[in-house]
Amino acid sequence: MRTKNLKLARKWHLLLIWPALLSVLVYVLSSLAHPVAGWLGPEKQRFKAPGFQVNAKVVNSIASIIKHNQLTSAQVAKLVPFENETLFQVTQGSGQNLTRRYFSNHSYKELPEQDSKQAIWLAQQYVMGSPKVKFVEYITKFNEVYPKNNRLLPVYKIHYQTAGNLVATVHTESLALVSLNNDAKRLMKRIFRMFHTFDWLNEYESIRLTLIATLLSLILVMSITGFYFLLVMKRKRVIKKTERRWHQRLAYVLVLPLFLFSISGFYHLLHTSIYTSKDNLIFNNELDLLLWKNEVVISDHINSLSFSDVSLVQGSGPLYRLQKDKDNQQSARQVYFLDANTGQSLKYSDQGLAHTNLVQQLSLTFDQISRSVWLYSFESGYSFKNKRLPVMKIELLDEQNHHVFIDPITQTVVTSNDAVLRLEGYSFSYLHMWGWLKPLLGHEGRDVVFTVLLVLTLILSLLGLRIHLAAKTSQKVPVGVLSKA
């Protein structure tokens with residue numbers, strides 16, 4: 001039985017060697033494009049969003065702005081930095097109808113076409129030097145160049161007049177740099193999308209699925225048959241030929257990673273193509289701005305403080321949320337909630353507000369909130385594509401076991417996922433992208449290890465081909481020739 005299985009494994013290992021080599025070449029080279037894109041991309045001037053410092057008196061400026069401009073509603077309302085001042089940013093509408101309006105805290109007047117100016121200024125905070133802006137592009141829906149996995153909309157693409165055609169993509173509500181690309185990085189990303197995810201076949205999903213599944217199957221079969229060889233081969237036997245010896249050594253190192261890459265790739269492919277989340281989490285974040293139109297009296301203690309975030313949130317009534325940065329590494333961030341009618345400091349907390357809003361919005365009970373934790377770094381269920389940190393992760397005991405991620409500054413839902421999405425996320429993050437290496441080696445270190453494994457996989461495949469061709473050549477040599485040699 002063992003001999004029969006060994007012959008069968010050897011048969012398929014040799015039979016698939018050419019198509020499997022093609023598959024390895026496609027996936028190794030396209031996978032290499034991912035870390036190389038990061039290495040060839042432009043440097044950032046900063047990694048954190050620009051900030052500001054104001055005192056609590058600014059809340060009365062906000063009240064005056066609302067009153068003078070007769071503002072009635074908003075999805076998000078908060079202060080944002082711009083040049084040497086702060087502006088009151090009001091986000092209204094949703095989807096294609098979403099608009100962001102800006103008002104001066106000094107004149108209380110609306111600043112026309114400020115969102116594009118805000119985007120240009122924001123992008124400049126991230127790019128190196130002071131490149132000249134060529135043109136500005138406003139993106140309101142996902143497309144091939146700006147795919148859905150980027151999460152944030154609408155965004156601005158700031159095109160600069162540079163040798164590498166620098167482009168910064170920014171999201172003005174979160175003050176986030178979504179991406180920073182040049183020609184070299186864009187080329188690597190294009191290669192990745194063409195030969196790794198085959199996005200150019202999106203209109204023919206069944207063909208795309210079949211093609212990727214076939215390529216992954218070839219790698220999977222080669223890794224399984226190769227693993228079987230390693231299990232049954234006699235380890236005491238000395239392998240004299242160098243290429244065979246190194247093929248075996250590399251196989252010991254790479255057989256498990258190749259198997260995991262293939263399986264997790266299959267899972268990711270089927271999940272993204274077939275699974276549709278039954279996500280019925282519907283939130284109405286609309287603020288009635290008329291509730292914030294009255295000026296208030298603020299205590300001397302709060303007036304003496306400086307704040308780095310000021311936003312409007314809803315509790316049992318209208319509130320100003322004022323956040324004070326840490327005084328030092330050991331101290332915690334302090335958050336104050338002021339009653340928008342009286343100016344009195346109330347005993348609210350970010351988590352308490354989030355819990356109350358979730359219960360009201362989703363018709364839950366407080367017993368259905370399993371756990372609530374702060375996230376200060378990205379994880380498999382909350383990727384860097386979401387951009388915002390810190391956020392609150394609230395685990396629910398509803399039908400789909402949702403995890404909801406809340407931005408504490410605005411009390412809005414950044415994203416959510418269910419148990420099925422999380423399982424695939426863990427698989428893709430830890431088995432396909434080796435995210436478990438990031439805490440140990442950092443992002444760059446993970447990319448280096450990943451690149452080394454890909455190069456070794458290519459060497460393993462080429463050694464296997466060399467052994468196969470050498471064996472075929474020796475079989476074709478006539479007996480008479482061998483006897484003469």
Side-chain angles (χ1 to χ4, degrees), residues 25-47 49 116 119-172 174-204 208 211-212 215 265 268-269 272 378 383-387 428 432-435 438 443-444 446-448 450-451 454-455 458:
L25 285 172
V26 168
Y27 272 112
V28 165
L29 296 178
S30 62
S31 297
L32 280 172
H34 197 275
V36 171
W39 296 333
L40 296 180
E43 276 189 78
K44 299 176 186 175
Q45 183 179 168
R46 67 194 303 155
F47 289 88
S116 59
I120 293 170
W121 173 82
L122 180 60
Q124 187 57 56
Q125 307 310 300
Y126 290 104
V127 303
M128 300 291 286
S130 302
K132 186 179 178 181
V133 175
K134 189 189 298 184
F135 66 94
V136 178
E137 186 180 0
Y138 187 50
I139 307 293
T140 59
K141 59 183 180 180
F142 298 113
N143 53 44
E144 288 186 5
V145 180
Y146 186 72
K148 194 174 182 179
N149 63 0
N150 283 290
R151 305 288 177 88
L152 299 176
L153 279 178
V155 295
Y156 285 90
K157 284 192 172 185
I158 316 300
H159 296 254
Y160 293 97
Q161 197 169 323
T162 61
N165 292 312
L166 181 68
V167 177
T169 305
V170 293
H171 184 243
T172 52
S174 62
L175 303 178
L177 175 70
V178 180
S179 64
L180 189 61
N181 295 321
N182 55 13
D183 285 339
K185 188 174 181 179
R186 275 189 294 274
L187 175 61
M188 291 298 106
K189 284 187 171 184
R190 197 175 299 120
I191 290 172
F192 183 83
R193 289 196 301 269
M194 285 184 68
F195 299 109
H196 201 88
T197 58
F198 294 89
D199 286 359
W200 50 279
L201 286 173
N202 279 343
E203 293 183 10
Y204 310 96
R208 190 181 79 93
L211 176 60
I212 297 176
L215 293 173
H268 181 69
L269 174 70
T272 53
F378 298 111
S383 76
F384 73 98
K385 295 288 187 181
N386 292 293
K387 301 302 177 183
F428 188 74
H432 202 78
M433 297 297 295
W434 284 37
K438 284 188 180 181
H443 186 84
E444 288 291 327
R446 189 282 307 265
D447 282 354
V448 169
F450 206 70
T451 301
L454 290 172
V455 172
L458 187 59

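Numbering of residues begins at 1 and proceeds along the displayed sequence.
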Hey, what do you get for [atom1] ([X]) to [atom2] ([Y]), rounding to the nearest 0.5 Å?
X: I158; Y: E137; atom1: CD1; atom2: CD; answer: 9.5 Å
X: S179; Y: K189; atom1: OG; atom2: NZ; answer: 5.0 Å
X: N386; Y: S174; atom1: CG; atom2: OG; answer: 10.0 Å
X: D447; Y: W434; atom1: CG; atom2: CH2; answer: 13.0 Å
X: N149; Y: F142; atom1: CG; atom2: CZ; answer: 8.5 Å
X: L152; Y: T169; atom1: CG; atom2: OG1; answer: 10.5 Å

Who are the ring-ring contact (aromatic ring centres under 6.0 Å, His included) partners of [X], not counting sequence neighbours?
X: F378; value: Y382
X: F135; value: H159
X: H171; value: none
X: F384; value: none

Which donor-acceptor pairs under 3.5 Å do side chains of residues 121-133 form with protein atoms, sequence neighbours excluded?
residue: Q124; atom: NE2; partner: G129; partner atom: O; Å: 2.6
residue: Q125; atom: NE2; partner: W121; partner atom: O; Å: 3.0
residue: Y126; atom: OH; partner: L175; partner atom: O; Å: 2.7

- prompt: Of all residues at least two apart in sequence or in a different chain, which pass the salt bridge (Lys or Arg N to Asp or Glu O under 4.0 Å) check with R193?
  reply: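 Listed in chain order: nothing, the list is empty.
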
query: Sequence neighbours excluded, which residues qualify as side chain to side chain donor-acceptor pair (under 3.5 Å) partners of Q161?
result: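 Side chain to side chain donor-acceptor pair (under 3.5 Å) list for Q161, sorted by chain: empty.
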
- request: Could I get the full list of side chain to side chain donor-acceptor pair (under 3.5 Å) partners for S116, not counting sequence neighbours?
  value: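 Residues passing side chain to side chain donor-acceptor pair (under 3.5 Å) with S116: none at all.
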
Listed by chain and number, what are the side chain to side chain contact (heavy atoms under 4.5 Å, CB included) partners of [X], not counting sequence neighbours?
X: L269; result: R208, L209, I212, A213, S273
X: W200; result: M194, F198
X: I191; result: A33, L187, M188, F195
X: P42; result: L166, L180, N182, K185

query: Does R186 reach the main-chain N or O of N165 with its side chain, forming a donor-acceptor pair under 3.5 Å?
result: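 Flag set: sc R186 to bb N165 pair under 3.5 Å.
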
message: Taking R446's backbone N and O only, do any of them form a donor-acceptor pair with K438's side chain (distance below 3.5 Å, no angle check)?
response: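 No; judged by distance alone, with no hydrogens or angles, the pair does not exist.
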
message: For a quick test of reading the model, state the closest non-hydrogen atom pair linking P147 to V145 and the distance between them.
response: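 Looks like CD-O, 3.3 Å.
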
Hey, are the side chains of [X] and [Y] touching, using non-hydrogen atoms and a 4.5 Å cut-off?
X: Y27; Y: H196; result: yes
X: D199; Y: E144; result: no
X: L32; Y: T451; result: yes

task: Take T140 and L153 through the test side chain to side chain contact (heavy atoms under 4.5 Å, CB included) and record every step on the way to the result.
output: CA-CA 6 Å; T140 59; L153 279 178; 5.7 Å; no

